[in-house]
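In what follows, a structure is listed as structure tokens, so that the remarks can point back to it.
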Amino acid sequence: MSARTRDSLGGRAAVVGIGATEFSKDSGRSELRLAAEAVRAALDDAGLTPADVDGLVTFTMDTSPEITVAQACGMGELSFFSRVHYGGGAACATVQQAALAVATGVAEVVVCYRAFNERSGRRFGSGVRHREPSAEGAALGWTLPFGLLTPASWVAMAAQRYLYTYGLTPEEAFGPVAVTARRHAAANPAAYFHGRPITLADHAASRWIAEPLRLLDCCQETDGGQALVVTSVERARDLPRPPAVIAAAAQGAGRAQEQMTSFYRDDLTGLPEMGVVARQLWRTSGLAPADIEVGILYDHFSPFVLMQLEEFGFCAPGEAAGFVAADRLPLNTHGGQLGEAYLHGMNGVAEAVRQLRGTSVNQVPGASRVLVTAGTGVPTSGLVLTAQG
């Protein structure tokens, strides 16, 4: 059973600062330094100092511990520190945990961060090379011996079923997602693929990675860091930047949930974990799909963008490809992880903040309500951010 009532977190905290390093393929510095640079940049953006911070949140996968980042940035005592599991599924949940700490008085200023050398160091796309025995990893024993070794191969299973169920080809279904992301990235100076849009023909000509996924259906690998500053709505009023109010935040895991290998569910054409998130976001925010003006949807692989649109009710099952092709919702206006950078979705939260401030390079005029999601195929999370009225 998932939450069935509106929660009381909405509207009590806001994102007031964003900061990032450059996005590259070889940062030339440690992951700790990337984290510290991003955190300091976010605090500068918020008009706050390290001395103001009393909480930190990151991912279980992050190699830079909260106390080490605090020391590197010159922070003092911490009253709250937390980590969220499940890789990219944690992105929006870091903001949720920060908001929970602020709303309950456990902390006043909480910084969420993620930093890694995911291209020059450990490359997640390389798949499973060594794993200590654990209950969590047991599910992989049903897939690894049969050659499903990488994230692309795991997603390809669901993607193939989606195409078969709805009578689509990879080109018509997945191509518009990739082209949209790269169009926005081309206009974004911070994006790795700045100035390099693609066409549907380019997508169709890119090499197979794991059928039906082509190279241009897969997110890039990035070195970099991203940080976000969360505080109360009341304190946000005294800070220099317009706040992005956290109207709703949610986590979700579905029935028979595994990490990327939930192949034994009744249906492979959806993302039940994101359905849990969607229902809670709509309940708590009081909004509906028609109210959302920008969608920042986690795009580690293009098929899962389509399934997210359907889980949230923007369109009926099997209709998301046409929805994207028709540009019915401004989508991943920073270029997403396909075009800007792969930072486990934290750069997507930053783009939502920019849209609400009116400072995005692909600004949607008057944007005041943005949906943000985290990684799918794993237990996941999402946010509805709004401009302060």
Side-chain angles (χ1 to χ4, degrees), residues 1-11 57 59-60 82-100 103 112 136 139 154-155 157-159 161-162 246-292 295-301 303-318 320 329 344-346 348-349 352 369-386:
M1 163 176 181
S2 60
R4 297 180 185 274
T5 60
R6 182 183 186 275
D7 65 56
S8 60
L9 182 62
V57 186
F59 294 49
T60 56
S82 177
R83 289 183 172 230
V84 187
H85 199 33
Y86 304 117
C92 296
T94 65
V95 177
Q96 181 192 40
Q97 296 228 346
L100 286 165
C112 310
E136 182 179 68
W154 303 328
V155 173
M157 291 281 284
R161 185 65 186 182
Y162 184 92
I246 303 164
Q251 287 182 281
R255 186 182 300 276
Q257 182 78 56
E258 296 179 7
Q259 292 193 69
M260 303 299 292
T261 58
S262 301
F263 302 138
Y264 300 97
R265 291 169 166 169
D266 293 337
D267 186 5
L268 291 183
T269 63
L271 295 165
E273 62 274 10
M274 195 56 80
V276 176
V277 170
R279 291 191 296 274
Q280 192 62 13
L281 291 182
W282 296 145
R283 271 192 293 260
T284 297
S285 69
L287 301 175
D291 299 313
I292 298 299
I296 308 296
L297 304 187
Y298 196 96
D299 59 339
H300 49 342
F301 297 98
F304 279 1
V305 173
L306 304 179
M307 296 182 195
Q308 288 180 77
L309 287 166
E310 294 165 8
E311 291 287 354
F312 274 94
F314 287 99
C315 54
L329 176 72
H344 261 161
M346 296 291 273
V349 182
R369 296 178 294 273
V370 184
L371 171 68
V372 192
T373 65
T376 49
V378 296
T380 190
S381 53
L383 301 167
V384 172
L385 300 181
T386 61

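None of the values given here were measured: they were computed from a predicted structure.
- With hydrogens and angles ignored, the 3.5 Å screen pairs a side-chain donor or acceptor of Thr94 with a backbone N or O of Ala91.
- The side-chain heavy atoms of Arg255 and Arg265, taken from C-beta on, include no pair separated by under 4.5 Å.
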Can you give me every donor-acceptor pair (side chain of residues 369-384, partner residue at least two apart or in another chain, under 3.5 Å) with its distance?
| residue | atom | partner | partner atom | Å |
| --- | --- | --- | --- | --- |
| Arg369 | NE | Asp291 | O | 2.6 |
| Arg369 | NH2 | Asp291 | O | 3.3 |
| Arg369 | NH2 | Glu293 | OE2 | 3.4 |
| Thr373 | OG1 | Tyr298 | N | 2.9 |
| Thr373 | OG1 | Gln308 | OE1 | 2.6 |
| Thr380 | OG1 | Ala374 | O | 3.3 |
| Thr380 | OG1 | Gly375 | O | 2.6 |
| Ser381 | OG | Gly89 | O | 2.8 |
| Ser381 | OG | Cys92 | N | 3.3 |
| Ser381 | OG | Ala93 | N | 2.9 |

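- Across all non-hydrogen atoms, the minimal contact from Ile246 to Ala99 is CD1-CB, 3.9 Å.
- Here side chain to side chain donor-acceptor pair (under 3.5 Å) pairs that include residues 82-93, with residues two or more places apart or in two chains, are Thr60-His85, Glu66-Arg83, Ser82-Gln97, His85-Glu136.
- Between Arg6 and Gln280, the side chains place no donor N or O within less than 3.5 Å of an acceptor N or O (distance only, hydrogens not considered).
- Remark: the backbone N or O of Phe301 is not paired with any side-chain donor or acceptor of Asp299 at under 3.5 angstrom.
- Counting heavy atoms from C-beta on, the side chains of Met307 and Met274 never come closer than 4.5 Å.
- Annotation: side chain of Val84 is not in contact with side chain of Gln96 (no heavy-atom distance under 4.5 Å).
- Among pairs with a residue in residues 308-317, none fulfils salt bridge (charged side-chain N to carboxylate O under 4.0 Å, His left out), at least two apart in sequence or across chains.
- Scanning both residues, Leu385 and Ala352, for their nearest heavy atoms gives CD1-CB, 3.9 Å.
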Requested in this report: Show the numbers, then the answer: is there a side-chain contact (heavy atoms from CB on, under 4.5 Å) between Arg283 and Thr5?
Outcome: CA-CA 7 Å; Arg283 271 192 293 260; Thr5 60; 5.7 Å; no
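- Across all their heavy atoms, Leu306 and Ala320 have their closest contact at O-CB, 3.4 Å.
- Among residues two or more places apart in sequence or in another chain, the ring pair (Phe, Tyr, Trp, His ring centres under 6.0 Å) test is passed with Phe314 by none.
- The ring pair (Phe, Tyr, Trp, His ring centres under 6.0 Å) analysis of residues 270-291, with sequence neighbours excluded, yields the pairs Trp282-Phe312.
- Residues that satisfy the side chain to side chain contact (heavy atoms under 4.5 Å, CB included) test with Ala159, not counting sequence neighbours, are Phe174, Pro212, Leu213, Pro303.
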